[in-house]
Every structure is written in structure tokens, then in C-alpha cells.
Amino acid sequence: MTTATAVAHPNIALVKYWGKADASLALPATGSVSMGLDVFPTTTTVTVGAAEDTLTLNGAATTDGALVRVTQFLDLVRDLAGSSDRAAVVSDNTVPTGAGLASSASGFAALATAAAAAYGLDLSPRDLSRLARRGSGSATRSIPGGVAVWHAGDDQGSYAEPVPAPPMAMVVVTIDAGPKPIGSREAMRRTIATSPFYPAWVTSTTETVTDMLTACAAGDFTRIGELTESNALRMHATIEGAFPPIRYLTARSVAVFDAVAGLRADGLQAWATADAGPNVVVLTTPEDRGAVAAALAGYGDVIESGTGPGAHLLRSEDTEAPGPGVVRPEESAE
Ligand code: 2P0
């Protein structure tokens, strides 16, 4: 029985991924760029040698669609490893319930890292990121952590890697912790099928990725911020162009965008973005993050984050014992 435990963090895109070129291989229509967070890690243990695949999520046995998705992902790992062994997956998210951050990026990055090790695969960071992509697109970018670019391309070429960038921080403003009106996977499909703005989104975002990488390399924080906020609004405009329309931003979201513009007028580095929901994330500098968080406290629950690490193994061990997290005698003596 082989067990491995990995930890991974969420990431927030500065240039968004919205739409697949190939759903079965999880290939994005465009590249994207993100900042990995240093808050809310997911810790996942995979133990190979179970009677059947099982998933325990935050302490509760799970048998719904989440288990189906995990099993399909493990099938990919088993194919690579030439194994038919089933596995027990135990995953704990530290995102507070309703923080408004998706856990699929950290979840599948941690699962990919732990499962690859538990099944005996020795993958390069690039191949680990390609594997995480098959679980959830945004998980691709949680493998490197830090500021990362996820390349569009074919199966071999679509992976994430770190990019040089100036120091960054984020302030997450949770406006509404309720469920999304429509999940991002289905919303992406509807956007591609019905939004007349989608072709322009693909063209412009491809250019924005290049511009963002140039701004990151130059350490031009203001340009990074401008591109971040612009790309987020373009994504939401494209989504709103779907039929039937999908609108994630609420009046309260827009109020935060206005407040962030006010902070810029006051001389702070603050640029707003938002994913597939009403919550707003503000890109800022390590110097300005405290002032930005204080100024936005009245708009919702506010959480600060610095730039986080990539996905990594906590332990990988062979054990005779039946279950994850078992400490061998020589280790328990420490
Ligand atoms: C992003 N989002 O770049 C964009 C911005 C949401 C808005 O990636 O279908 O859960 O698993 O590939 O990764 C959310 O989509 O979608 C997402 P799948 P995922 O972060």
C-alpha cells in the first residue's frame, strides 16, 4: 500500500481562462496568467490499494459527482502508471465555507501531485501541470504557484510554468457566499455556443497574455493592473453576451470596482478582477495591501493574500499499515 500527501493553493487569474478548444483533453482556447495565493491550502492524501475508489472531502464520505470526477481523474493516472489499483482519496480544503473562492484549482493540483506520487509516477513539473489540467483547467496553474502562465496548445504544449514578475498581493472581497447561478464549465459552453463576442474574446485575450508577460518581465505593476482589470471586464462582457444571458457581477460587485478606482485616485495600487461569481479580488502590492484591505472592509468579508508556493508533496512513503497518514516507527521517534 502506497500513500502520498500533497498540498496546493488556489490561484486567481490576471488574464482569464474562459473557454476550451478541446473539452476531452481540457485544452484552453487561449493562454492565461495567474497569481497563486498563500492562503487556503488543500491537503490531499492518496492511498493506493483500496477495494474501490473512495473520496472523503472535509471529513465526509462523498459518493456524488465529486467522486465520479475524482475516479475519472484517477483513471488517467492509472493509465500512465499501468495500474488498475483503486485508491482512497482524503482531501481537506481550508477555504472557509462561502469564501467565494473555487476549490477545484487547489483540489485537482493537490490530487494530481499526491496521486502521481502514490502511483509511482515521477513526473516533471510540466507533466504534472499537464496532468492537473485534465482535472480542472485552473488547476494547471496551481502546480507552479507564484505568477504562472498556462499555455494554450496541444496536449503536450498546454502546461503552466512560472514567470518572472514583481511582488504582488491580493485582497479577496467576499460579497455573496451563496451558490453561483450557473457553474463555470456549463457557462463556458454556453458562452462559446451563443455569445457573439466570444471570437473577439479569444483574439483579444491571446494578445493580452503577451502584453501581460511583457509587463511582468518589466516589473511594470501599473500595466499589470490595467491589463488585469480590463481582461476581467472583457470576460464578463463576453459572458453577459451569451443567450440566455449569464451575469455574475451584481450591483455590489460593481460598487467594489468603483471603490477600487477610488483607491487608485488616492494613490494606491489597486486593480479589481472577478471570476465566475459576484466576489471581487483586488490585485495590489505588498506595500499597499493593508491599506486596500482596510478601505474595502465595509464591502464584505476581506481576506489578504501574498504570493503562494507551488503544489508539493508533504510525504510519500511505502507502508504496511492500512490507511493514509500513518507514521512509521522510526519517524514517530522524532
Ligand atoms: C480562471 N475560471 O482563469 C477562470 C476565470 C473562472 C473565471 O478557470 O471546466 O473550474 O474545470 O476547466 O478551471 C474556472 O474554471 O473549469 C476558471 P474547468 P475551471 O481562473
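Counting starts at 1 for both ligands and their atoms, following the listed order. Every value quoted in this text rests on a predicted model; they were computed, and no experiment measured them. Because only heavy atoms are used, hydrogens play no part in the values below, and waters and symmetry mates are left out as well, while side chains stay in.
Taking the six-membered ring where the residue is Trp, the centroids of His151 and Tyr159 are separated by under 6.0 Å.
The distance from ligand 1 to the heavy atoms of Lys16 drops below 4.0 Å at these ligand atoms: 3 (O), 5 (C). Near Ser104, meaning under 4.0 Å from any of its heavy atoms, are these atoms of ligand 1: 10 (O). The ligand atoms of ligand 1 that sit less than 4.0 angstrom from a heavy atom of Gly137 are 11 (O), 12 (O), 13 (O), 18 (P). If you number the atoms of ligand 1 from 1 as listed, the ones under 4.0 Å from a heavy atom of Ala13 come out as 1 (C), 3 (O), 20 (O).
Residue Lys20 has at least one N or O atom closer than 3.5 Å to an N or O atom of ligand 1. The N/O atoms of Ala276, backbone and side chain alike, include none that comes under 3.5 Å of an N/O atom in ligand 1.
Defined by atom type and a distance below 3.5 Å, a donor-acceptor pair is missing between the side-chain atoms of Asn279 and Thr174. Inspection of the Ser91 and Thr44 side chains reveals an N or O donor paired with an N or O acceptor under 3.5 Å.
A donor-acceptor pair under 3.5 Å links the side-chain atoms of Asp64 to the main chain of Ala66, judged by distance alone. In terms of modelled atom types and a separation under 3.5 Å, the side chain of Ser253 and the main chain of Thr250 share a donor-acceptor contact.
With a 4.0 Å heavy-atom cut-off, ligand 1 is reached by the backbone of Ser136 and by its side chain too. With a 4.0 Å heavy-atom cut-off, ligand 1 is reached by no atom of Arg134. When non-hydrogen atoms are compared, ligand 1 lies under 4.0 Å from the backbone of Ser138 as well as from its side chain.
Nearest heavy-atom pair across Leu128 and Ala116 is CD1-CB, 3.9 Å. Minimum interatomic distance between Thr191 and Ala187 (heavy atoms only, all atoms of both residues): OG1-O, 2.7 Å.
Shown here are the ring-ring contact (aromatic ring centres under 6.0 Å, His included) partners of Phe73, two or more places apart in sequence or in another chain: Phe108.
Figure legend: Arg133 and Trp150 shown without cation-pi pairing, the cationic atom not lying both under 6.0 angstrom from the six-membered ring centre and within 45 degrees of its axis.
Looking only at heavy atoms of the protein, atom 6 (C) of ligand 1 is closest to Trp18 CZ3, 3.9 Å. With respect to atom 5 (C) of ligand 1, the closest heavy atom belonging to the protein is Asp275 OD1, 3.5 Å. Among protein heavy atoms, atom 14 (C) of ligand 1 sits closest to Ser184 OG, 3.5 Å. Closest to atom 12 (O) of ligand 1 among all protein heavy atoms lies Tyr17 OH, 2.6 Å.
Contact annotation: Arg69 has at least one heavy atom less than 4.0 Å from an atom of ligand 1.
When the heavy-atom distances from atom 11 (O) of ligand 1 to Met188, Arg141, Arg185 are ranked, the shortest goes to Arg185.
For the atom pair CG of Asn231 and OG1 of Thr30, the computed distance is 8.0 Å after rounding to the nearest 0.5 Å.
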